[in-house]
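What follows is a set of notes on a single structure, which appears directly below.
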Amino acid sequence: MTAMTEEIQKLSKRFLKMYPVKDIDLKLMMNNLSKLDYDDSMEYQEKLLRSTIHHPIVQKYPPTILYRQRFLKRLITEIEDINLEVIDSLYKAYTNLLSQENRNTENSGSISYCYKTYCLAPELTITLKETQNIISEGTTGMFTWQASHVLADWCQKEADSFSGKNVLELGAGLGLTGLTVIKACNPASYTFTDLHMSVLKTLKENILINLCNGSSPESTNEPSDGFSIPYKDTRVSVKRLDWTSDHVQSSCDIVLAADVVYDTEIIFPLVLILKEALGKSDGATAYVASTIRNQDTFNCFRNALVSNNVKVKSESHHAYQESPSQQKSFIIIMKLML
Ligand SMILES: C[S@@+](CC[C@H](N)C(=O)[O-])C[C@H]1O[C@@H](n2cnc3c(N)ncnc32)[C@H](O)[C@@H]1O
């Protein structure tokens, strides 16, 4: 692959996941472009357009209109700044977007959704319907949190330990961790659980997008809070599970949870449900990824683990920063067993 193609692919991946436009570094790309003759420059710009705004995934699952407008405006300005002719189709794409109502991709009721596509590995792309707000409809579950990115990445690296295993996820949110494990780690079963109905409904859509090409097999006409489909060698299920009132129904080998330690009021029921899940089969292990925002909250989780005899077998520390303008997060993945 030439360096120029690599630059376009990098830009494409960033665009698809709605990486902040202001943090996209276009210097190298503009440098490449400035060295090309007229025809090659036109061809390069067409390629840029095909890999971003006109990318096949974007036709079905686009980032917000505002994001696409900002991206194109930046691209056009940068090309103009190096005194190159901008291809007509770039201007046309921009004016098309301007003429569309300046709203998010899909508005239903008060929630504004967008699609973000994460290219996690060469054969691993996950598209999620998400909100851009960290709290929507009174839940934090409609947004993909940093700990989920870190846990998904960690699971990919540990793929062998998931192969043929039954996995239960608590507070699954929109599904990034689970979809990664299902696609990259070949578990025997994966059960997503969450509390909130809007989260479960959007999670179901994300499962259909990524595992069923966006279509609904008949079995998924079942309600969002209780459905099950096969995907390759994995039985994929979604269940509503409230840590404060429900019980774990079946045994599992691995329990996963990302960013569930943030509210001291739900830490105790969370630890009890973790203990219950771990107690259902010998040697069951939980991996809980937590962003350290407030040391007292995290200490409260540690203390609750100790008082319930849940052992911390090991922990690994990770830093996550989406882009230079975003705050860096510190995440701990704890391995827990009884
Ligand atoms: C901060 S979000 C994390 C979502 C996802 N794991 C991620 O990292 O992107 C916390 C999740 O825990 C869920 N949750 C909160 N309280 C819960 C409870 N009592 N029972 C089950 N799930 C709960 C929320 O609905 C939400 O999806």
Side-chain angles (χ1 to χ4, degrees), residues 17-18 111 113-116 118 120 126-156 167-182 190-207 210 224-226 237-249 254-277 286-294 297-298 300-301 304 318 320 322 326-327 329-334:
K17 66 175 180 179
M18 291 181 65
I111 303 190
Y113 292 101
C114 62
Y115 291 98
K116 292 188 181 180
Y118 303 99
L120 303 178
I126 290 173
T127 299
L128 298 183
K129 182 174 173 180
E130 302 186 8
T131 64
Q132 291 186 283
N133 305 325
I134 56 173
I135 299 185
S136 303
E137 292 206 342
T139 173
T140 51
M142 305 290 280
F143 180 85
T144 298
W145 292 84
Q146 297 87 342
S148 191
H149 287 280
V150 169
L151 188 60
D153 186 49
W154 182 87
C155 292
Q156 259 192 87
V167 186
L168 169 73
E169 186 176 357
L170 303 174
L174 300 181
L176 181 70
T177 302
L179 288 164
T180 304
V181 172
I182 292 163
Y190 197 99
T191 307
F192 294 89
T193 67
D194 205 285
L195 155 76
H196 204 280
M197 281 313 292
S198 301
V199 176
L200 291 166
K201 185 172 172 284
T202 314
L203 171 62
K204 178 179 175 181
E205 287 181 53
N206 286 337
I207 290 172
N210 291 283
S224 317
D225 61 341
S237 314
V238 174
K239 289 186 179 142
R240 184 173 188 276
L241 178 79
D242 181 350
W243 316 325
T244 63
S245 56
D246 296 330
H247 290 280
V248 177
Q249 299 299 339
I254 298 177
V255 184
L256 293 177
D259 211 344
V260 289
V261 177
Y262 55 93
D263 175 357
T264 49
E265 280 189 14
I266 48 169
I267 283 179
F268 207 72
L270 168 65
V271 170
L272 287 183
I273 210 105
L274 273 168
K275 186 176 178 179
E276 187 177 47
Y287 298 97
V288 178
S290 311
T291 299
I292 310 303
R293 301 188 184 91
N294 178 323
T297 308
F298 194 63
C300 175
F301 179 58
H318 309 257
Y320 178 85
E322 195 205 350
Q326 310 286 303
Q327 216 185 337
S329 308
F330 295 96
I331 289 141
I332 296 183
I333 302 180
M334 280 176 158

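Indexing begins at 1, ligand by ligand and atom by atom, following the structure's order.
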Side-chain H-bond candidate by donor/acceptor type, Thr131 with Asn133, under 3.5 Å: no
Thr140: side-chain contact (heavy atoms from CB on, under 4.5 Å) partners, not counting sequence neighbours: Ile135, Trp145, Tyr262
Pairs satisfying salt bridge (charged side-chain N to carboxylate O under 4.0 Å, His left out), at least one member in residues 259-268, at least two apart: Asp259-Arg293
Residues in contact with ligand 1, criterion: heavy atom under 4.0 Å: Thr139, Thr140, Gly141, Phe143, Thr144, Trp145, Ser148, Gly171, Ala172, Gly173, Asp194, Leu195, Leu241, Asp242, Trp243, Ala258, Asp259, Tyr262, Ile266
All salt bridge (charged side-chain N to carboxylate O under 4.0 Å, His left out) counterparts of Asp194, not counting sequence neighbours: none
Test item: Trp154 and Thr177 side chains (from C-beta on) under 4.5 Å apart, heavy atoms: no
Thr180 side chain near Tyr118 side chain, heavy-atom distance below 4.5 Å: no
